[in-house]
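Sequential numbering from 1 along the given sequence is applied to the chain's residues. Only a predicted model underlies this, so the values are computations on that prediction, with no experimental measurement involved.
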Amino acid sequence: MADNNKVDDSVTHQENKFVFSDSSTSRNPAFLEYSVDSNVLDMLHTFVPPAMRGRGVAGALVRTGLKFAASRNLQVRLSCWYTADFVKKFGSLGAKVAK
């Protein structure tokens, strides 16, 4: 679990581009793209380059996105299959999941 905390620290949020990203270990960053409509943050797509897979990077991106949504009192829509699986396994970390 300590490795995942290190990964969480490397996630950056580019709010003007609607993306959370992690470029700490690869030239091609891992990312979570999202959109916001009214009070719903829609998690659209995650991508992790092959060299970064299996290190908890995608989970760190989703955790950061969920925490951001909760801090802004936004509901989340889980359009990306990975985000839906993550929430099913680990919960929504305080974010409200849109129906």
Q.
Run the salt bridge (Lys or Arg N to Asp or Glu O under 4.0 Å) test against Arg72 and tell me which residues pass, sequence neighbours left out.
A. Glu15
Q. In Å and rounded to the nearest 0.5 Å, what is the CG to CG distance from Asn39 to Asn73?
A. 7.5 Å
Q: Would you please indicate yes or no on a ring centroid separation below 6.0 angstrom for Tyr34 and His13?
A: yes
Q | Nearest-0.5 Å distance, OG of residue Ser35 to NE2 of residue His45 | A | 13.5 Å
Q: Please examine the side chains of Leu41 and Phe68, heavy atoms only from C-beta on, and report whether any two atoms are closer than 4.5 Å.
A: yes
**Q.** Pair Met43-Leu66, side chain to side chain contact (heavy atoms under 4.5 Å, CB included): steps then yes or no
**A.** CA-CA 9 Å; Met43 296 184 167; Leu66 290 169; 3.8 Å; yes
Q: Write down the atom of Arg63, the atom of Gly56, and the distance for their closest heavy-atom approach.
A: NH2-O, 4.3 Å
(Q) To check you understand the geometry: which heavy-atom pair defines the closest contact between Leu74 and Ser38, and what is its length? (A) CD2-O, 4.3 Å
Q.
Let me confirm one number: the CG-SG distance from Leu44 to Cys80, rounded to the nearest 0.5 Å.
A. 8.5 Å
**Q.** Residues Trp81, Thr46; criterion side chain to side chain contact (heavy atoms under 4.5 Å, CB included); working and verdict
**A.** CA-CA 9 Å; Trp81 69 267; Thr46 54; 5.8 Å; no
Q) Between atom CG of Leu32 and atom CG of Asp22, what is the distance when rounded to the nearest 0.5 Å? A) 12.0 Å
Q) Nearest 0.5 Å, what's the CG-CD distance between Leu61 and Glu33? A) 11.0 Å
Q. How many angstroms lie between atom OG of Ser21 and atom CD of Gln14, to the nearest 0.5 angstrom?
A. 4.5 Å
Q) Are the side chains of Val40 and Val76 in touch, meaning some heavy atoms are under 4.5 Å apart? A) no
N/O donor to acceptor pairs below 3.5 angstrom from side-chain atoms of residues 89-99, sequence neighbours left out:
| residue | atom | partner | partner atom | Å |
| --- | --- | --- | --- | --- |
| Ser92 | OG | Ala95 | O | 2.7 |

Q: Output the rest of the hydrophobic cluster of Val19: all Ile, Leu, Val, Met, Phe, Trp and Tyr residues reachable through side-chain heavy-atom contacts under 4.5 Å, sorted by chain and number.
A: Phe31, Phe47
Q) Would a 4.5 Å heavy-atom cut-off, applied to side chains only, mark Asp85 and Leu78 as touching? A) no
